[in-house]
Amino acid sequence: ARTSTDRFVVLLADGSADKAQMIARQLGSALRSGLQLGAVDSPLDSTFGISLAPEHADNAADLLRRAEVALNDARASARPSLVYVPGSDERFRRRLELSADLRRAILANEMSLLFQPKLRVSDGAVSGAEALVRWHHPKLGEISPVEFVPLAEASGSIRDLTRWVMRAALQQAAAWRSLPEMQIDLAINVSAADLVDPELGNEVVALLAELHVPSTRIVLEITEGALVQDAAAAARCMALLQAIGVRFAIDDFGTGHSSLSLLQRLPVDLLKVDRSFVLHAHEHDEDREIVASTMGLAHALGMKVVAEGVEHQASWDVLASLGCDYVQGYFVSRPITADALVAFVRDRAQSITPRPVSEQRLLRKPGTA
Ligand code: C2E
Ligand code: CA
Ligand code: CA
């Protein structure tokens, strides 16, 4: 049966998941061999979602919906076919519900920010903090940005989310203006879609002026994906902000596909080595090699290196010996509220006695409080 424009249902009267996948493969290859449209031979792409009765559902409506969920998952993971995995229907509904709810939640102020401190390795001082968004859903409780940021990106509400985060973070920076110890860097995450939006740059410039926040305090964290998607648009936005002193960090470095020439051309000040490499750098030679060569590369290009995901003393020691500039991670501190960050900064300032530069060292290792 044909259920919509490009959607068809095949009912197998008896069979198994294996048989259904075999038939999906055969149908897929028949379609790929093409359709003759006049003089044009047109190969057809196809994706299959499979659900089974009675294992996955015992009525037609549920069976079709679950086949559709499997189809969506197959598309999302670029696989030719997938069998429905029990539970993914609920996840699918949750995603739909959260996506539909995001705009309302942003307006209703259900978002908040936490701040994770970043330490300078040479003297252990707090050099900055990264703003990380949180969603307190009235019905569903705490929702992780790992779940809702990709939904915001996919559903087009990421610009609203970023506007909210940007304003909230800069308001916080403005509130810290009267505290001398809080004149630290503030890092804000921006998504690929933000960076190619021609409005972002001007909005940030206006917001900095409105709230009287020095632009040289601000670091925007962008992922490699954002640069690769539309390098020209990203470069325009970055140039505009760089001209007023905003700095840029490449986030999750090592997981994307940015080319060295691209990195060299863009005004990037910091590389954040992805935590997947940092987590085991003290015990796996390969991870340590990746971290070490990333640092060599960054330093050669005139950038500083931040290691994220530092969870143990052993990681800190390895990173320090490799010449890492800044460190962030649970070993130093989890993301904390704005007030807790002020207390953290004061506490650390007290534990570090100023010394001549040549003698500077970390008097109290983080995490020992
Ligand atoms: P990210 O930018 O790589 O942020 C770092 C994430 O790693 C944070 O998770 C942080 O809590 C976590 N983390 C910090 N230290 C450690 C550690 O030692 N070990 C481990 N295992 N994890 C650590 P969080 O806050 O859940 O954020 C997850 C991701 O969500 C962020 O990854 C970022 O991609 C995105 N995100 C968060 N806030 C924003 C935002 O305001 N805007 C945008 N566009 N994305 C955001
Ligand atoms: Ca980040
Ligand atoms: Ca990261």
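Each ligand, and each atom within it, is numbered from 1 in the order the structure gives.
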Near-ring test H56/Y84, centroid separation under 6.0 angstrom: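 Yes, they do, as the ring centres are separated by less than 6.0 Å.
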L279 with F277, same ILVMFWY side-chain cluster at under 4.5 Å: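 Cluster IDs for L279 and F277 differ.
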Sorted by chain and number, the residues that approach ligand 1 to under 4.0 Å with a heavy atom: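 Close residues (ligand 1, cut-off 4.0 Å): Q116, E130, L132, V133, R134, P145, V146, V149, V165, N189, S191, D251, D252, R275, E308, G309, V310, E311, G329, Y330, P335.
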Count of N, O or S atoms belonging to protein, less than 3.0 Å from the Ca ion (ligand 2):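 Every protein N, O or S atom under 3.0 Å from the Ca ion (ligand 2) counted, the figure is 4.
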Nearest atoms (heavy-atom pairs only) where T216 meets R247: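 Looking at all heavy atoms of both residues, the shortest contact is O-NH2, 2.7 Å.
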Looking at [X] and [Y], does any basic side-chain N land under 4.0 Å from a carboxylate oxygen?
| X | Y | value |
| --- | --- | --- |
| R159 | E199 | no |
| D160 | R103 | yes |
| K304 | D269 | no |
| E55 | R66 | no |

Aromatic plane relationship, H282 with H280 - under 30° parallel, 30 to 60° tilted, over 60° perpendicular: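 Ring orientation of H280 relative to H282: parallel.
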Lys/Arg cation over aromatic F92: R95, 6.0 Å, 45° cone: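 Judged by the rule (NZ or CZ under 6.0 Å from the ring centre, within 45° of its axis), R95 is not positioned above F92.
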